[in-house]
K.L.:
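Have a look at this one before I ask anything.
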Number of protein chains: 2
Amino acid sequence: MTKPTKTQANRAKTEAGILRAAEEVFAQKGFAGSSMDAVAQQAGISKQLILYYFPGKDKLYQAVLENMIDLWLEKMQFNDDPEASPACTIRQYIQQKIELSRDYPNGSKVFAHEIINGAPVLKTYLIENLKPAFERDVKIIERWIAAGHIRPVDPKHLFFTIWAATQTYADFSTQIQLLLGKPSLEQDDFNEATEFLCNFVLSALDAQH
Amino acid sequence: MTKPTKTQANRAKTEAGILRAAEEVFAQKGFAGSSMDAVAQQAGISKQLILYYFPGKDKLYQAVLENMIDLWLEKMQFNDDPEASPACTIRQYIQQKIELSRDYPNGSKVFAHEIINGAPVLKTYLIENLKPAFERDVKIIERWIAAGHIRPVDPKHLFFTIWAATQTYADFSTQIQLLLGKPSLEQDDFNEATEFLCNFVLSALDAQH
DNA sequence: GTCTATAGTAGGATAGAC
DNA sequence: GTCTATCCTACTATAGAC
C-alpha cells in the first residue's frame, strides 16, 4: 500500500508544480501568449512531461481555472451570516476581496484575461454559479435599503464597483506600482487600500459604523 | 496636386480601417492571440496588404496603442478648471470616463491587456506622461481636503477606485452582461452606471452637491 | 498598391526508447 | 514516468509579378 500512495503523492506534487507554473505564465502572457515551453521552464521540467500530466494546452488552462474558481466565486459572495450588520458584512467582504488580490494575484490575472476575452471557457460556469449568488446578494442589499440600514443605491452597480476596485490591485498592479513608484505592492499598500475602500464604501452607503 | 492628395486620402482611409480592425481583434484576443489573418479578415483585405502599411505585427500593435493613448491619458486627468467645484469636477470626470468605456470599449480592452501583461510597450510612456498628471491631480484632491471641501481620503486610492469602476464597464463587459442578463450593454446601462458612480463617490466624499 | 507564391520558424502534439 | 527525436500545423514575413 505504501508504494502506490507514494507514487500518487509524487504525481500530485508534480501536478501542483505545473499548475503553479502555468498560473504564473498564463497570468503574465494570457493563454495564447504562453507556450508550453515557457510553462515547462517555469516549472523546471520538460514540456513533454507537462503533456503527460495534462493532455493538451487547453486542458492545462482549464485545470488552472478550475483549481481556483471555487475559492474565487466564494469570495465574490457575502458570508452568510444573517445576524451580522451591513457595515460588518461589507467591511469583511472588502477585506477578503483585497486579501484575494494580495494572495492570488496570478489567479486574478488569469481570470481577468478570461473575462476580457469574453469568458470562452467560464461563461456557462459563471451563469450557473456566479449569477444566482449575485442575485441573492443583490436581494440582501435591497432588504438593507428597504429597512433603512443603508442609503438607497443600485445594488448591482455596487457590486461591479467593489469587484473592480478590489481586483484592480491584482490585475492592474503594474500601473499602480508605476504610479506609487514602487517595485512591488507590499503589505502596507494592501492595508491602505483596504482601509480606504472600507471607509469609502461605508461612507457612501452611510452605513452605521 | 489633386492626384497625390487623393492617393494620400485613400492611404489614410485604408490605414484607419486597418487600425479599427486591429483594435477590435487585439481587444478580443490580446496581442499574441491575434493573427494578421484575423485582422485582415476583419478589415476585409489581405494580410500582405496590412504588412505593406504596417511593417510588422509589433508595429501594428504599437500603432493601435498610439492611436488612442492621447485621448486615453487625457480622460484620466481632471479638466483644468480651477473655478469648478470639487463636486462638478468629479462628476464630469466620472461621466467622461464612462463615456470613454462606452465609446471605445475595444481600445479600453487593448489597454487592459497591455497593463495586465506588465505594460511592456507603454511602461515608459506611462511613467513620463501619466505619472506627472496623476501627481498633479493628487495634489488637487489634497488641497480640497485641506480646505475642507471634501472628506479626508487617500487621493491615490481614490483614483485607482474611480479608474477601476469606470473601466470595468468596458473591460469586464462580458461579466456584467452575463449578470444583467443582457446580450450587450446599452445606453441605459451606461446612464445607470454613471448615475450610480457619481452619487456613490460624491456621497463618500461628502462633497457639496 | 494589390496580388500569388513561398520561405522560415515557433509551438503543440505524438512516437518510441528506457 | 521521463527522455530524445520528430511530425505537422499555423503564422509572420518576404519575393516578385502586375
Side-chain angles (χ1 to χ4, degrees), chain A residues 1-65 110 113 117 120-121, chain B residues 1-65 110 113 117 120-121:
Chain A
M1 263 308 186
T2 12
K3 192 102 175 288
T5 305
K6 193 179 176 186
T7 305
Q8 282 171 15
N10 274 337
R11 182 180 181 90
K13 201 175 163 186
T14 307
E15 269 188 23
I18 293 172
L19 284 173
R20 234 193 340 271
E23 191 177 279
E24 179 152 353
V25 175
F26 285 141
Q28 280 166 18
K29 303 269 192 174
F31 174 75
S34 304
S35 69
M36 298 291 270
D37 258 329
V39 176
Q41 201 170 349
Q42 178 70 29
I45 57 179
S46 70
K47 75 171 171 182
Q48 290 83 353
L49 199 51
I50 296 183
L51 283 160
Y52 172 75
Y53 283 93
F54 298 90
K57 194 184 172 187
D58 298 19
K59 294 289 162 54
L60 176 58
Y61 177 67
Q62 285 169 32
V64 168
L65 286 177
V110 175
H113 271 123
N117 293 354
V121 175
Chain B
M1 262 311 188
T2 10
K3 193 98 174 291
T5 304
K6 194 178 177 187
T7 305
Q8 282 171 16
N10 274 338
R11 183 180 182 90
K13 201 175 164 186
T14 307
E15 269 187 23
I18 295 172
L19 283 173
R20 233 193 341 271
E23 192 178 279
E24 180 151 355
V25 175
F26 284 141
Q28 280 167 18
K29 303 268 193 174
F31 174 76
S34 305
S35 70
M36 297 294 270
D37 256 330
V39 177
Q41 201 169 350
Q42 178 71 27
I45 57 180
S46 70
K47 74 172 170 181
Q48 289 83 352
L49 200 52
I50 296 182
L51 282 160
Y52 172 74
Y53 282 93
F54 298 90
K57 194 185 172 187
D58 298 19
K59 295 289 161 56
L60 174 59
Y61 177 68
Q62 285 169 32
V64 168
L65 287 177
V110 176
H113 271 122
N117 293 355
V121 175

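Numbered from 1 within each chain, the chains take letters A, B, ... in sequence-line order.
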K.L.:
Calculate, to the nearest 0.5 Å, the distance between atoms CG and OH belonging to B/L60 and B/Y53 respectively.
P.N.:
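One gets 13.5 Å once the value is rounded to the nearest 0.5 Å.
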K.L.:
Could you tell me which residues satisfy salt bridge (charged side-chain N to carboxylate O under 4.0 Å, His left out) with A/R11, sequence neighbours excluded, listed by chain and number?
P.N.:
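Salt bridge (charged side-chain N to carboxylate O under 4.0 Å, His left out) check on A/R11 returns A/E15.
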K.L.:
Decide if atom CD of B/Q41 counts as having more than 12 heavy atoms of other residues, nucleotides or ligands within a radius under 6.0 Å.
P.N.:
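Counting other residues, nucleotides and ligands, CD of B/Q41 stays at 12 neighbours or fewer.
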K.L.:
Go along nucleotides 6-18 of chain C 5' to 3' and tag each nucleotide: B for a protein heavy atom under 4.0 Å from its base, S when only backbone or sugar atoms are that close, - otherwise.
P.N.:
------BBB----
K.L.:
Whole angstrom is fine here: how far is it from CD1 in B/I45 over to C1' in C/dG1?
P.N.:
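About 11 Å, once rounded to whole Å.
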K.L.:
If only side-chain N and O atoms of B/Y53 are considered, is one of them under 4.0 Å from the OP1 or OP2 phosphate oxygen of C/dT2?
P.N.:
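It does, given that an N or O in the side chain of B/Y53 lies less than 4.0 Å from OP1 or OP2 of C/dT2.
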K.L.:
A/H113 and B/N117: side-chain contact (heavy atoms from CB on, under 4.5 Å), yes or no, with the steps?
P.N.:
CA-CA 9 Å; A/H113 271 123; B/N117 293 355; 2.9 Å; yes
K.L.:
To the nearest Å, give me how far apart CD (B/E15) and P (C/dG1) are.
P.N.:
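Going from CD in B/E15 over to P in C/dG1 covers 10 Å.
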K.L.:
Does NZ in B/K29 sit with more than 12 non-hydrogen atoms of other residues, nucleotides or ligands closer than 6.0 Å?
P.N.:
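12 or below, so no.
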K.L.:
I would like to know whether A/D58 and A/V121 meet side-chain contact (heavy atoms from CB on, under 4.5 Å); could you show each step before the answer?
P.N.:
CA-CA 10 Å; A/D58 298 19; A/V121 175; over 6 Å; no
K.L.:
Taking OP1 and OP2 of C/dT2, is either one under 4.0 Å from a side-chain nitrogen or oxygen of B/S46?
P.N.:
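No, no such contact exists.
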K.L.:
Rounded off to whole Å, could you give me the CG-to-C1' distance for the A/L49 and D/dG1 pair?
P.N.:
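Rounded to the whole Å, the gap is 7 Å.
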